[in-house]
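Reviewing the structure listed below.
Hydrogens, waters and symmetry mates are skipped; everything else that's a heavy atom, side chains included, is used.
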Amino acid sequence: MNPRTPDALDLKLLQALQFDGRAPFSRIAQVLGVSEQTIARRFRRLHDTVRLRVLGITDESRLGRSSWIVRLCCTPNVAVQLADALAKRPDTAHVALISGGTEVMCAMKPRSRQERDELLFDRMQRTPRVTSVSAYCVLHSFYGGALGWLTKISALTPDEETALRPAPGEPTASPVSLDPADEPLLALLRRDGRATLTELQAATGLSESVVKRRLENLRATGVLYFDVQHDHEPLGREANAMLWLTVAPTRLADVGRALATHPEVRFAAATTGPANIVASTLHLSVNDLYTYLSDKIGALDGVQSVETVCRSKSRRCTSCRISVLVDDATEYPVAQDFAGADVVPRGRLVVSVGR
């Protein structure tokens, strides 16, 4: 077996962490019938072999904020620099290179309309070698967030799932207002979702009991969830694609719900723009992707057209190691406050915002 290929116990651990990213190793070990030392050892090995990380993610919709998916067409020689620069922004949730490295796609979470407009209509317009920008507002999520792709792999038995799933929260109907102490707490969890209580205390200056209470409140209201990030190739998923579906409005909800049930789908949402559903999918191979498009997507009533783009690379967005950065923030405005690469001449930019 390839040393990077997770075995059955590794897959159980990955799925357990997707259900509860802060589950103690002792509880996971007890449910799976192994020692705590075994789980800790497996976690460290997965960190080294498949780049396993558990990150605390803020659900911006619970705070009354919108999320955006942005596509930036650029010249190939600047794509990596642009992706790395975007990955360093605090309002970037995810960055990927697509279309053979001629396009950068990112998920953005601006905290206000002003921040959104400043990014889309100011900084990106002044970014060199970017030729077009298309931005789409996420209107409704069908799958994703706390429901990660690992929840679909069926590594755990039903009894194990029941034992490891945390008690469901009670999200409120109205937007949640953050306490000032929540910001440093969330900031640290974005870098390490399994940060210890001692580390969380040091970051916030709060007592252990208060940290526990704030953490429980953030999870119960749905503001905070945990995502498991890892390389997909060792799990046998060689093809990684983005699908942009144009769907008849009367069938939008039905198509979205159907996509959510597909084991290949790790994210699906309704968006603004000409393509009104976007989905991220994982496949065994490009042949498997073809079969999925022809057999499953083709069978969905209401789908009028599909744009399929393969993802080349992903840039991890919190505490990630950046190999190529930007040298002059005044000449590379999308990467303001970051330092590193060569300045290139400015190009013509067209901005399109789906409303």
Would you check, one step at a time, whether the test side-chain contact (heavy atoms from CB on, under 4.5 Å) holds for Leu72 with Thr131?
CA-CA 7 Å; Leu72 303 97; Thr131 57; over 6 Å; no

Test side-chain contact (heavy atoms from CB on, under 4.5 Å) applied to Ile277 and Phe142, step by step
CA-CA 10 Å; Ile277 288 184; Phe142 296 109; 4.2 Å; yes

Worked verdict on Ser285 versus Asn287 for side-chain hydrogen bond (donor to acceptor under 3.5 Å, both in side chains):
CA-CA 5 Å; Ser285 65; Asn287 288 333; 4.8 Å; no

Given Ser207 and Ser209, is the side-chain hydrogen bond (donor to acceptor under 3.5 Å, both in side chains) satisfied, shown in steps?
CA-CA 5 Å; Ser207 67; Ser209 60; 3.2 Å; yes

CA sep, side-chain torsions, deciding dist, call: Val228, Trp149, side-chain contact (heavy atoms from CB on, under 4.5 Å)
CA-CA 9 Å; Val228 178; Trp149 176 76; over 6 Å; no

Can you list the steps and then say if Gln304 with Val247 is a side-chain contact (heavy atoms from CB on, under 4.5 Å)?
CA-CA 6 Å; Gln304 300 170 343; Val247 179; over 6 Å; no

Just do the side-chain hydrogen bond (donor to acceptor under 3.5 Å, both in side chains) check on Ser61 and Asp59 with the steps written out, would you?
CA-CA 5 Å; Ser61 67; Asp59 185 343; 2.5 Å; yes

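Distance CZ/Arg53 to CG/Leu17: 14.0 Å, rounded to 0.5 Å. Between atom OG of residue Ser280 and atom CG of residue Leu243 there is a gap of 8.0 Å, rounded to the nearest 0.5 Å. Here CG of Asp231 is found 4.0 Å from CZ of Arg51. Values are rounded to the nearest 0.5 Å. Rounding to the nearest 0.5 angstrom, the gap separating the NE2 atom in His232 from the CZ atom in Arg237 is 9.5 Å. Taking OG of Ser26 as the reference point, atom CD of Gln37 lies at 10.5 Å (rounded to 0.5 Å). Separating the OG atom in Ser66 from the CE atom in Met108 is a distance of 13.5 Å, to the nearest 0.5 Å.
A single hydrophobic cluster is seen to contain both Leu197 and Leu186, as judged by linkage of ILVMFWY side chains at heavy-atom distances under 4.5 Å, directly or through other members. Cluster annotation: Val50 is connected to Leu9 through the hydrophobic network of ILVMFWY side chains, with a link wherever side-chain heavy atoms come within less than 4.5 Å. Met242 and Leu300 fall into different hydrophobic clusters, where Ile, Leu, Val, Met, Phe, Trp and Tyr side chains are chained together by heavy-atom contacts under 4.5 Å. One hydrophobic cluster holds both Leu178 and Leu200 under the rule that ILVMFWY side chains link at heavy-atom gaps under 4.5 Å. Following chains of ILVMFWY side-chain contacts shorter than 4.5 Å, one can reach Leu289 starting from Leu245, so the two form part of one hydrophobic cluster.
Within the 4.5 Å cutoff, no side-chain heavy atoms of Val70 are placed close to those of Met105. The side-chain heavy atoms of Asp295 and Tyr290, taken from C-beta on, include no pair separated by under 4.5 Å. Looking at Val54 and Asp227, their side chains never come closer than 4.5 Å, going by heavy atoms from C-beta outward. By the 4.5 Å heavy-atom criterion applied to side chains, Asn276 and Tyr136 are not counted as neighbours. No side-chain heavy atom of Leu147 sits less than 4.5 Å from a side-chain heavy atom of Tyr225. The shortest side-chain heavy-atom distance between Trp244 and Arg71 falls under the 4.5 Å cut-off. At a threshold of 4.5 Å between non-hydrogen side-chain atoms, the residues Asn240 and Arg266 count as touching. A heavy-atom distance below 4.5 Å is found between the side chains of His230 and Leu235.
A cation-pi contact links Arg194 to Phe43, judged by a cut-off of 6.0 Å to the six-membered ring centre and 45° from its axis.
For the residue pair Asp159/Thr157, the side-chain donor-acceptor check at 3.5 Å is not satisfied. Checked by atom type, the side-chain pair His283/Thr281 shows a donor-acceptor distance below 3.5 Å.
Checked against salt bridge (charged side-chain N to carboxylate O under 4.0 Å, His left out), Arg27 has the following partners two or more places apart in sequence or in another chain: Asp20. Partners of Asp254 under the salt bridge (charged side-chain N to carboxylate O under 4.0 Å, His left out) rule, at least two apart in sequence or in another chain, are Arg251, Arg257.
Below 30°, between 30° and 60°, or above 60°: for His262 and Tyr292 the angle between ring planes is above 60°, a perpendicular geometry.
Closest heavy-atom contact between Gln15 and Ala155: OE1-N, 2.9 Å. Glu60 and Ser67 get closest at one heavy-atom pair: CB-OG, 4.1 Å. When every heavy atom of Glu238 is checked against every heavy atom of Leu284, the shortest pair comes out as CB-O, 3.3 Å. Closest approach of Leu259 and Lys152 over heavy atoms only: O-NZ, 4.3 Å. Taking each heavy atom of Thr246 and Pro274 in turn, the nearest pair found is OG1-O, 3.4 Å. When all heavy atoms are compared, the tightest approach of Gly144 to Phe267 is CA-CD1, 4.3 Å.
Looking at Asp182, its side chain does come within 3.5 Å of a backbone N or O of Asp179 through a donor-acceptor pair. Listed for the Ser141 side chain is no donor-acceptor partner under 3.5 Å among the backbone atoms of Gly145. Between the side chain of Glu199 and the backbone N or O of Thr196 there is at least one donor-acceptor pair closer than 3.5 Å. For Arg22 (side chain) and Gly193 (main-chain N/O), a donor-acceptor pair under 3.5 Å exists by modelled atom type. Side-chain atoms of Thr38 never come within 3.5 Å of backbone atoms of Val34 as a donor-acceptor pair (strictly under, hydrogens ignored).
With respect to Arg89 and Asp91, a salt bridge is recorded, a charged nitrogen being found less than 4.0 Å from a carboxylate O. Lys212 has a carboxylate O that lies under 4.0 Å from a charged side-chain N of Glu208, or vice versa, which qualifies the two as a salt bridge. A salt bridge links Arg42 with Asp7; the closest basic N to acidic carboxylate O contact falls under 4.0 Å.
Counting heavy-atom neighbours within 6.0 Å of Glu160 CD, excluding the residue itself, gives a total above 12.
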